[in-house]
Amino acid sequence: MTERFLLSEKPIDEAAVAALVASPGAGALVTFVGRVRARSRGHDVDLLEYEAYPEMVEGVFHQIAGEVHERFEVAAIAIHHRTGTLRVGDTSVVIAVAAEHRPAAFDACRYAIDRLKQITPIWKKEHGPDGASWVDERP
Amino acid sequence: MTERFLLSEKPIDEAAVAALVASPGAGALVTFVGRVRARSRGHDVDLLEYEAYPEMVEGVFHQIAGEVHERFEVAAIAIHHRTGTLRVGDTSVVIAVAAEHRPAAFDACRYAIDRLKQITPIWKKEHGPDGASWVDERP
Amino acid sequence: MHVTVRLFASHREAAGVREIVVDLPAGARAVDALAACRRTHPALPSTNSGVAFAINRAFAGPDTVLADGDELAVLPPVAGG
Amino acid sequence: MHVTVRLFASHREAAGVREIVVDLPAGARAVDALAACRRTHPALPSTNSGVAFAINRAFAGPDTVLADGDELAVLPPVAGG
């Protein structure tokens, strides 16, 4: 069985991540998929280069999952993130949450992706016709 | 290409529904999957029998999609619903929403499933060891 | 005039049929068609509470006036998803 | 004492290395290790704004005191997802 929390250079199998959280008690499954966009903050994008602190990422995903279980009535959560070079349309992240009822599944999935973007030691460099730069998403 | 709005007796291919809404401008994809639960409102469930007003359902899905596009900045939405006899763990509904940014994708997907449950002419009868009854989810 | 009334779920089971063709006077409304069905199929639920209507596959209020040849769907509380 | 400092993204590119081993006095904090790196690698960004730290793969505040053999990660503003 695949890991629930995974950082990998290989393409993410979205259906396999969703399958990791299925259970007979869970009537609601909410999945978030993040993909590389053709435009970002006013620039055309050719590719994104993801860099991670790999020894720490899966531990941070565990921490986020712990926070989710404290806050929401969910059955299971899985988080897979890709690293390396990605092109437009490639999937960078998949978060799947199963719960008995849908409000908790939606709330938990949204919390998890917000939190992932906030604290996970992953960086990305955008490459496009206007040059290359590290993304700083601080508000 | 599969239809974006579909009522069918065949199992729903969740990945295919998600693929219907992908586009290079859409960085966020949120998918809701509804499955038959082993327990419902205090009863064990063996199977669910879905009945629809088939000539009307796809039109109602179009209407819901129209409401979604009016309210949220989304690129595309697809809604597939199954009818007939379903067992525990079977997928009854899949809603996939693609958007440039994730808040709109989450809000739109949640709006769509709430609205689907409110107005779509589909009914279900629960069969279990305690007997069979038509589900009335009015609050 | 003739109106085809379609029944679903609990209504269909109670009536024992999926469809009833009713003969109605001009000016009859959706609720009048359902009342006419109850006279010929008394096992139909006696309350209109929670019941919605669609005429020719578009939602319509209970007091919408019917026309000859209409298809009226009687929709008990829905439970999709 | 010796501390291994790991650099990522913009810091890694600016310094031209992924890792710097710094020699620090007892009582040195995370920010002191980063300052020591700036002395040997002056191209490192001069601001601590937005920079977070992890010690031995757990998040730690900038004033956390280091121990001999620690792995200190300097984390510029993250952008996962």
Side-chain angles (χ1 to χ4, degrees), chain B residues 5 7 12 32-37 40-41 45 48-64 67 79-84 86 90-95 109-127 132-139, chain C residues 2-22 29-31 33-34 36-38 41-81:
Chain B
F5 308 108
L7 176 77
I12 304 175
F32 173 80
V33 174
R35 296 216 173 100
V36 178
R37 270 184 287 141
S40 169
R41 299 166 302 143
V45 173
L48 284 187
E49 190 190 330
Y50 280 85
E51 177 173 341
Y53 181 12
E55 299 92 337
M56 193 170 165
V57 166
E58 289 161 17
V60 171
F61 290 170
H62 269 281
Q63 175 190 327
I64 293 170
E67 293 175 10
I79 309 175
H80 284 203
H81 201 297
R82 209 173 152 194
T83 186
L86 275 72
D90 285 350
T91 294
S92 56
V93 60
V94 176
I95 300 180
C109 191
R110 192 163 185 163
Y111 176 88
I113 179 64
D114 287 351
R115 201 76 176 114
L116 182 151
K117 286 178 173 268
Q118 217 170 43
I119 64 167
T120 308
I122 295 180
W123 299 269
K124 60 180 173 238
K125 191 173 190 175
E126 285 179 0
H127 295 258
S133 64
W134 290 98
V135 176
D136 182 347
E137 286 174 335
R138 280 178 295 172
Chain C
H2 289 88
V3 167
T4 302
V5 179
R6 292 187 59 170
L7 303 174
F8 299 95
S10 53
H11 286 84
R12 174 184 57 72
E13 286 190 341
V17 294
R18 296 181 177 276
E19 216 173 278
I20 303 173
V21 178
V22 290
R29 302 159 303 156
V31 281
L34 177 52
C37 290
R38 288 198 184 107
H41 296 75
L44 277 169
S46 57
T47 175
N48 288 344
S49 163
V51 174
F53 297 95
I55 298 175
N56 302 328
R57 298 157 193 186
F59 293 113
D63 295 324
T64 309
V65 173
L66 297 161
D68 186 48
D70 276 351
E71 175 176 294
L72 173 71
V74 177
L75 312 173
V78 298

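For clarity, every value in this text was computed on a predicted model and none was experimentally measured.
Heavy-atom distances place the side chain of S92(B), and not its backbone, under 4.5 Å from chain C. The parts of E55(B) that come within reach of chain C are both its backbone and its side chain, each placing non-hydrogen atoms under 4.5 angstrom from that chain. Both the backbone and the side chain of I119(B) come within contact range of chain C, each with at least one heavy atom under 4.5 Å from a heavy atom of that chain. Only the side chain of Y50(B) comes within contact range of chain C, with heavy atoms under 4.5 Å apart. Looking at K125(B), only its side chain comes within 4.5 Å of chain C, counting heavy atoms on both sides. Proximity to chain C (any heavy atom under 4.5 Å) is restricted, for Q63(B), to the side chain, taken from C-beta onward. Neither the backbone nor the side chain of A52(C) comes within less than 4.5 Å of any heavy atom in chain B. Only the side chain of V60(B) comes within contact range of chain C, judged by heavy atoms closer than 4.5 Å.
At least one donor-acceptor pair closer than 3.5 Å links the side chain of W123(B) to the backbone N or O of P76(C).
The two residues Y53(B) and A73(C) have their closest heavy-atom pair at CE2-CB, 3.3 Å. Contact detail for L75(C) and P121(B): the closest heavy-atom pair is CD2-CB, 4.2 Å. Of all heavy-atom pairs spanning E51(B) and L7(C), the tightest one is OE2-O, 4.4 Å. Minimum interatomic distance between G80(C) and L116(B) (heavy atoms only, all atoms of both residues): C-CD2, 4.0 Å.
Here the CZ-CH2 distance, from R12(C) to W134(B), works out to 5.0 Å after rounding to the nearest 0.5 Å.
Atom CZ of R18(C) has 12 or fewer neighbouring heavy atoms from other residues, nucleotides or ligands inside a 6.0 Å radius.
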